[in-house]
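To start, the structure under review is shown below, and the notes come after it.
Atoms within a ligand are numbered from 1 in the order they appear, just like the ligands themselves.
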Amino acid sequence: MRDFSTDHRWLSINTATVRQQRGQDWPLLDILDACGQRGIRAVSPWRDQVAAAGLQATANKLQEHGIELSGYCRGGMFTYTDAASRQASRDDNRRALDEACTLHAPCLVLVVGGLPGALAGHAAHRDIAGAREQVNEGIAALLDDARERQMPLAIEPLHPMYAADRACINTLAQALDVCDALDPGRTGALGLAVDLYHVWWDPTLAVQIQRAGPDANGDGSRLLAFHVCDWLTPTTHLLEDRGMMGDGVIDIPHIRALVEAQGFAGYSEVEIFSRGNWWRQDGGQVLDTCIERHRRCV
Ligand code: ZN
């Protein structure tokens, strides 16, 4: 396993981690300046942050600092109630792919969607199996567009507590089943974003990470992204109470060892949504803490 204790060259910052410091949006271009000043070599920005900053301005700023992406957040939300919402999802995902290409992302991260309407508080139905069929269909269609653009898709399974409203793909096994069905040749076009917050509890975690790994020749790995934070006890909010690495119960080095045993050699991307704690702090101090914890706890 790589030694992270002496530098932070394999640290990436998911920019939602510092998106709204002390009640104010921290503009993406300023976040990138702060990352550049600290020698942070990679980020994973969100589409709304990029839209606010401007796509080309973001690309220019990344180039100025020599910062690359560890992923682009995010595409997905494939479930629909009618032809118009299905088309809208498809169009929006194509735009996400194009943005990811402009920013030279290594992959577009997919949060696949749950029951249509549930995120707004009014689920259109109770048919989660049907929602999962729509997700498979949506990924299959997007995969054609992604192949055209040579932009890999990374399915991010979300913790089951989000099955209704954000993602009805909830385990690595489920995500890998989709990968195997749609990309049986392991071409590199479709894989996983492994986010520890969502999968740390899974009793089959080690087996599934091994399943995602490459073949005997070292080809065809499905491991495209690795997201870290920590699970706090107690957790006080389903979405916005993620912990800083080292403050919770996830054995992060153990899981990093599992993915690295499968040849993963990319960034550890810190992704923390924390309204009650880290979003209340000075952004620069949060980045400094991420660097320190990356060295000590990841
Ligand atoms: Zn994530």
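Each of Tyr162, Phe226, Trp231 was scored for a ring-ring contact (aromatic ring centres under 6.0 Å, His included) with His198, with one residue passing: Tyr162.
Qualifying side chain to side chain donor-acceptor pair (under 3.5 Å) partners for Ser85, counting only residues two or more places apart in sequence or in other chains: Asp82. Applying the ring-ring contact (aromatic ring centres under 6.0 Å, His included) test to Trp10 and every residue at least two apart in sequence or in another chain returns Tyr267.
Ring centers of His294 and Phe4: under 6.0 Å apart, within the cut-off.
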Could you walk me through whether Arg86 and Glu137 pass salt bridge (charged side-chain N to carboxylate O under 4.0 Å, His left out), step by step? CA-CA 10 Å; Arg86 176 186 180 186; Glu137 170 198 273; 3.6 Å; yes
Report all side-chain donor-acceptor pairs from residues 104-127 shorter than 3.5 Å, counting only partners two or more places apart or in another chain.
{"from": "His125", "atom 1": "ND1", "to": "Asp127", "atom 2": "N", "distance (Å)": "3.0"}
{"from": "Asp127", "atom 1": "OD1", "to": "Ala129", "atom 2": "N", "distance (Å)": "3.4"}
{"from": "Asp127", "atom 1": "OD1", "to": "Gly130", "atom 2": "N", "distance (Å)": "2.8"}

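Below the 2.8 Å limit, the Zn ion (ligand 1) has as protein N, O or S neighbours Glu156 OE2, Asp195 OD2, His227 ND1, Glu271 OE1.
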